[in-house]
Amino acid sequence: MTASPSYREPPLSPPPEQGRLVALSAREADVAAREAAITNREAALERRERELDRLTVAVEAQRDRLVAVRAEYEQRRDTLVQRAQEVERERGELLAAQSRLVEARAALENAREPGEAAPASAPPPAVPAVEAAPVQAPPAPQAPVQQAPAAQEPQPAPALVQTAEAAVPDAYQDWWTVQLGSAPEAA
């Protein structure tokens, strides 16, 4: 048999059994690679899930701390507001007492010198010292002639009736404040 020029032989192909084994082993290798990729992906997802769980716990703890800090802040703020109100009330009481004092000093000044006001540059008038007159001790009782005279204990010297400060209560203790007014308050 002679071959014609247009005839070709079929290409050499492995026997049918070998081709099937090669194709099967290629598929098995492909499946194994896919399974390994899936296993790696599952491991990565599990790691990510654990990380998210830890982050969730951390965020919850931080949220709890934030709530506690906010409550403490609110409590401190309320305490500061109450203290500020107390200080403002005390300041008002002090200002009222100071104004009463100034009024009393002015009334005292007017009562002393009804027709004449002291100039602003004049120093406060001298307050005379009030001294008590010495008190005479009562005469000793006369002892009968028959008895021996009893020794008398010396009596203490009499105390001053009142001092100059007590004679004029706070009249000129703060003379400059009366003349010039109180210092301006800080805003």
Side-chain angles (χ1 to χ4, degrees), residues 1-110 118 120-121 123-124 127 163-166 168-187:
M1 207 170 27
T2 55
S4 86
S6 60
Y7 175 75
R8 283 174 129 188
E9 279 196 38
L12 294 175
S13 60
E17 191 64 29
Q18 269 187 346
R20 210 172 104 219
L21 288 177
V22 170
L24 188 58
S25 65
R27 284 185 187 167
E28 285 177 357
D30 186 42
V31 168
R34 287 183 183 183
E35 285 179 355
I38 289 173
T39 303
N40 289 340
R41 180 77 175 141
E42 285 177 350
L45 289 174
E46 287 174 2
R47 281 193 305 271
R48 180 70 177 146
E49 185 177 357
R50 284 192 303 270
E51 183 182 335
L52 288 175
D53 287 342
R54 281 193 304 255
L55 288 174
T56 303
V57 169
V59 166
E60 289 298 322
Q62 190 175 21
R63 185 175 294 147
D64 293 342
R65 283 192 305 266
L66 177 64
V67 167
V69 166
R70 184 177 290 156
E72 182 182 354
Y73 166 78
E74 293 292 330
Q75 181 184 10
R76 285 184 180 184
R77 188 174 59 111
D78 292 342
T79 303
L80 286 175
V81 166
Q82 289 173 352
R83 182 61 186 139
Q85 290 171 348
E86 290 174 8
V87 167
E88 198 61 35
R89 186 173 39 255
E90 289 174 7
R91 181 177 173 268
E93 291 171 1
L94 286 174
L95 289 176
Q98 186 179 19
S99 67
R100 285 192 303 268
L101 228 167
V102 168
E103 289 172 2
R105 285 180 182 162
L108 183 64
E109 185 70 27
N110 289 339
S121 62
V127 177
T163 62
E165 289 84 15
V168 182
D170 276 341
Y172 296 102
Q173 188 174 9
D174 199 6
W175 183 82
W176 287 106
T177 303
V178 171
Q179 296 300 318
L180 302 175
S182 63
E185 294 292 325

**Q.** Flag if over 12 foreign heavy atoms under 6.0 Å of CD, E60
**A.** yes

Q | Heavy atoms from other residues, nucleotides or ligands near CD of Q75 exceed 12 (cutoff 6.0 Å) | A | no

**Q.** E103/R100 under salt bridge (charged side-chain N to carboxylate O under 4.0 Å, His left out): CA gap, chis, key distance, verdict
**A.** CA-CA 5 Å; E103 289 172 2; R100 285 192 303 268; over 6 Å; no

Q) Which residue, R47, R48, E49, forms the side-chain contact (heavy atoms from CB on, under 4.5 Å) with E51? A) R48

(Q) I want to check something: taking the side chain as every heavy atom from C-beta on, are L94 and Q98 in contact at a cut-off of under 4.5 Å? (A) no

When rounded to the nearest 0.5 angstrom, what is the spacing between [atom1] in [X] and [atom2] in [Y]?
| X | Y | atom1 | atom2 | value |
| --- | --- | --- | --- | --- |
| L101 | L108 | CG | CG | 11.0 Å |
| T79 | E74 | OG1 | CD | 11.0 Å |
| D78 | R83 | CG | CZ | 15.5 Å |

Q: Take R76 and E72 through the test salt bridge (charged side-chain N to carboxylate O under 4.0 Å, His left out) and record every step on the way to the result.
A: CA-CA 6 Å; R76 285 184 180 184; E72 182 182 354; 2.8 Å; yes

